[in-house]
Participant: 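One structure is given below, represented as structure tokens, and several questions about it will come after.
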Amino acid sequence: MPRVHSLARRHDAPAMLVQLTDSHLFGEPDVAMLGVNTDASLRAVLRQIEADGKHPDLLLATGDLSQDGEAAAYRRFAAILGEAGSLAGAQIRCLPGNHDQPAVMRQELPQWSTPVTDVGAWRVVTLDTTVPGSNAGHLPDSQLDMLEAALEAAPGRHTLVAMHHNPMQIDSHWHDSMMIDNPQVLFKRLTRWPQVRVLLWGHVHHEFDRRRHNLRMLATPSTCFQFSIRDGKHVVDNMAPGYRWIKLYQDGSMATGVRRVQDALWHTALAPDDAQAA
């Protein structure tokens with residue numbers, strides 16, 4: 001099993017986790033995608049975190065940090081997060097998405113790529129669901145075995161598992177061909193480990209919150225453009241970007257919510273034509 005990093009904190013205090021996902025930065029700065037300047041929108045989300053008074057112990061970036069997988073995009077992602085006062089003292093962990101280049105990401109962000117982190121009474125495990133050359137996801141045996149080893153080594157810790165691709169359909173009226181292709185293998189393994197309380201992902205650019213037995217399953221808006229399902233079709237949504245906060249309590253309970261960027265901050269991230277129309 002990989003080396004485990006532990007975050008020091010007061011023994012009985014809940015841990016604060018913040019999830020950012022799908023920032024889609026480019027190698028070149030200040031590029032707009034679907035009408036959104038992805039650098040500016042990431043900064044706007046970080047300013048919203050600060051305005052909300054959130055000071056996370058752990059920040060999780062759940063994939064598609066970059067749109068083109070360029071090393072410069074990962075360096076700028078790190079620089080933008082480094083400028084955020086609300087993240088001072090926070091540990092940061094990231095995992096790759098289908099638009100990332102996993103080897104490049106890990107080379108540029110080696111300390112942030114540790115897959116197992118303990119915070120308070122919880123263990124956080126990040127999985128790589130990427131498939132080279134495909135937008136769809138898959139959990140190989142190597143990742144499932146790593147997860148199982150992390151769970152076996154800490155049966156007394158409540159666990160949050162994070163990945164990029166969704167393990168289930170977000171909307172029953174739309175067939176998602178880009179989710180992981182072996183979700184039942186994951187769920188079957190998780191039934192053996194009741195300490196897993198949360199399954200968290202990105203990819204869908206959409207808020208999602210559902211329960212499956214003792215498992216809370218969560219997805220989070222992108223830090224840039226959003227998607228939704230309308231009339232059985234996958235469409236771009238004009239909702240503002242956002243982040244998810246999760247408070248992890250020592251008894252295994254949790255509280256969570258999504259916060260979206262407020263209007264004044266959001267308009268600074270839109271391309272000029274879109275800002276006038278909004």
Participant: With sequence neighbours left out, write down each residue that passes side chain to side chain donor-acceptor pair (under 3.5 Å) with D141, or none if nothing qualifies.
Facilitator: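 Here no residue qualifies.
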Participant: Is the backbone N or O of A219 less than 3.5 Å from a side-chain atom of R244, with the two atoms forming a donor-acceptor pair by type?
Facilitator: yes
Participant: Can you list the residues that meet the side chain to side chain donor-acceptor pair (under 3.5 Å) rule with R192, with sequence neighbours excluded?
Facilitator: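 So R192 forms a side chain to side chain donor-acceptor pair (under 3.5 Å) with E148.
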Participant: Under the 3.5 angstrom rule, does the side chain of Q143 hit a backbone N or O of D128 as a donor-acceptor pair?
Facilitator: yes
Participant: Working to the nearest 0.5 Å, report the span between CZ of R210 and CG of L218.
Facilitator: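 If we round to the nearest 0.5 Å, R210:CZ and L218:CG are 11.5 Å apart.
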Participant: Any chance you could measure L199, atom CG, to L127, atom CG, to the nearest 0.5 Å?
Facilitator: 8.5 Å
Participant: Quick one: sort the H205 and H24 rings into parallel, tilted or perpendicular, breaks at 30° and 60°.
Facilitator: tilted
Participant: If we only count heavy atoms from C-beta on, is the L160 to L60 side-chain gap below 4.5 Å?
Facilitator: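 Touching, per the 4.5 Å side-chain cut-off.
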Participant: Please answer: with hydrophobic residues joined when any side-chain heavy atoms are less than 4.5 Å apart, are V185 and M217 in the same cluster?
Facilitator: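 V185 and M217: one cluster.
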Participant: What I want to check is whether the side chains of R106 and S113 have a donor and an acceptor closer together than 3.5 Å.
Facilitator: no
Participant: What's the shortest heavy-atom distance between L200 and Q19, and which atoms?
Facilitator: CD1-OE1, 3.0 Å
Participant: Would you say that L65 contacts L109 through its side chain, given a criterion of any heavy-atom pair below 4.5 Å between the two side chains?
Facilitator: yes
Participant: Just so I know, are the side chains of K54 and Y243 near enough to count as touching, which here means a heavy-atom distance under 4.5 Å?
Facilitator: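 The answer is yes, as the side chains (C-beta and beyond) meet within the 4.5 Å cut-off.
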Participant: Does a side-chain heavy-atom distance below 4.5 Å link V124 with V116?
Facilitator: no
Participant: Which residues satisfy the side chain to side chain donor-acceptor pair (under 3.5 Å) test with R259, sequence neighbours excluded?
Facilitator: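 Counting only residues at least two positions away or on another chain, R259 forms a side chain to side chain donor-acceptor pair (under 3.5 Å) with D52.
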Participant: How far apart are the closest heavy atoms of S23 and T38, and which atoms are they?
Facilitator: O-CB, 3.3 Å
Participant: I want to check something: taking the side chain as every heavy atom from C-beta on, are F208 and M168 in contact at a cut-off of under 4.5 Å?
Facilitator: yes
Participant: Hey, mind stepping through L81 and W112 against side chain to side chain contact (heavy atoms under 4.5 Å, CB included) and telling me if it holds?
Facilitator: CA-CA 12 Å; L81 266 59; W112 293 2; 4.2 Å; yes
Participant: Judged by atom type as modelled, is there a donor-acceptor pair below 3.5 Å linking the side chain of E50 to the main-chain atoms of L46?
Facilitator: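 Looks like no, no N/O pair under 3.5 Å.
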Participant: Strictly distance-based, threshold 3.5 Å: is any side-chain N or O of N214 a donor or acceptor partner for the main-chain N or O of P194?
Facilitator: yes
Participant: Give me the atom names and distance for the closest heavy-atom approach of T130 to P102.
Facilitator: OG1-CG, 3.7 Å
Participant: Identify the heavy atoms of D57 and V119 that sit nearest to each other, and give their distance.
Facilitator: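 Taking D57 first and V119 second, the nearest heavy atoms are CB-CG2, 4.1 Å.
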Participant: Minimum heavy-atom separation for M163 to I180, with atom names?
Facilitator: CE-CD1, 4.3 Å
Participant: Just wondering, do Q111 and I92 contact through their side chains at under 4.5 Å, heavy atoms?
Facilitator: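 A side-chain contact under 4.5 Å is absent here.
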Participant: For E207, is there any backbone N or O sitting under 3.5 Å from a side-chain donor or acceptor partner on T220?
Facilitator: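 The answer is no, because no donor-acceptor pair under 3.5 Å joins these two groups.
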Participant: Please identify each residue that fulfils ring-ring contact (aromatic ring centres under 6.0 Å, His included) with H164, with sequence neighbours left out.
Facilitator: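 ring-ring contact (aromatic ring centres under 6.0 Å, His included) list for H164, sorted by chain: H203.
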Participant: Just how far is it from atom CG of L58 to atom CG of D118, taken to the nearest 0.5 Å?
Facilitator: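 The CG atom of D118 is 10.5 Å from CG of L58, to the nearest 0.5 Å.
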Participant: Distance-only, no hydrogens or angles: does the S86 side chain make a donor-acceptor pair with backbone N or O of H55 under 3.5 Å?
Facilitator: no
Participant: Cut-off 3.5 Å, no hydrogens considered: what does the side-chain donor-acceptor table look like for residues 68-76, sequence neighbours left out?
Facilitator:
| residue | atom | partner | partner atom | Å |
| --- | --- | --- | --- | --- |
| D68 | OD1 | G27 | N | 3.3 |
| D68 | OD1 | S66 | OG | 3.1 |
| D68 | OD1 | E70 | N | 3.2 |
| D68 | OD2 | G27 | N | 2.9 |
| Y74 | OH | D100 | OD1 | 2.8 |
| Y74 | OH | Q101 | N | 3.1 |
| R75 | NH1 | E108 | OE1 | 3.4 |
| R75 | NH1 | E108 | OE2 | 3.4 |
| R76 | NE | D39 | OD2 | 2.6 |
| R76 | NH1 | F26 | O | 3.1 |
| R76 | NH1 | G27 | O | 3.2 |
| R76 | NH2 | F26 | O | 2.6 |
| R76 | NH2 | E28 | O | 3.3 |
| R76 | NH2 | D39 | OD1 | 3.1 |
| R76 | NH2 | D39 | OD2 | 3.4 |

Participant: Might you point out which heavy atoms bring C224 and V36 nearest each other, and give the distance in Å?
Facilitator: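 Closest heavy-atom pair between C224 and V36: CB-CG1, 3.9 Å.
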Participant: Examine distances only and state if a side-chain atom of R123 and a backbone atom of A150 form a donor-acceptor pair shorter than 3.5 Å.
Facilitator: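 Yes: the side chain of R123 pairs with the backbone of A150.
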Participant: Indicate yes or no for a side-chain donor-acceptor contact from T191 to the backbone of K188 under 3.5 Å, with no hydrogens or angles considered.
Facilitator: yes
Participant: Can you tell if the side chain of I170 reaches within under 4.5 Å of the side chain of H206, non-hydrogen atoms only?
Facilitator: yes
Participant: Side chains of Q195 and T159 only: does a donor on one sit below 3.5 Å from an acceptor on the other?
Facilitator: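 No.
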Participant: Counting only N and O atoms by type, is there a donor-acceptor contact under 3.5 Å from the side chain of N37 to the main-chain atoms of A32?
Facilitator: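 Judged by distance alone, no pair lies under 3.5 Å.
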Participant: When clusters are formed by joining ILVMFWY residues with side-chain heavy atoms under 4.5 Å apart, either directly or through shared neighbours, do L186 and V131 land in the same one?
Facilitator: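 In one cluster with L186: V131, no.
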Participant: Let me check something: do V258 and V204 share a hydrophobic cluster, defined by ILVMFWY side-chain heavy atoms less than 4.5 Å apart, either directly or through other members?
Facilitator: no
Participant: Excluding sequence neighbours, so at least two apart, what forms side chain to side chain donor-acceptor pair (under 3.5 Å) with H165?
Facilitator: T129
Participant: Strictly distance-based, threshold 3.5 Å: is any side-chain N or O of Q262 a donor or acceptor partner for the main-chain N or O of R260?
Facilitator: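 Flag set: sc Q262 to bb R260 pair under 3.5 Å.
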Participant: Are Y249 and W122 close enough that their ring centres sit under 6.0 Å apart?
Facilitator: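 Here the rings of W122 and Y249 have centres that are no less than 6.0 Å from each other.
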Participant: Side chain to side chain contact (heavy atoms under 4.5 Å, CB included) for V198 and H158? Distances and angles first, verdict last.
Facilitator: CA-CA 9 Å; V198 183; H158 317 295; over 6 Å; no
Participant: Hydrophobic clusters here meaning ILVMFWY residues chained together by side-chain heavy-atom distances under 4.5 Å, can you tell me if L17 and L95 are in one?
Facilitator: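 As far as the 4.5 Å side-chain criterion goes, L95 and L17 are not connected within one cluster.
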Participant: Rounded to the nearest 0.5 Å, what's the gap from CZ on R197 to CD1 on I246? Could you check?
Facilitator: 14.0 Å
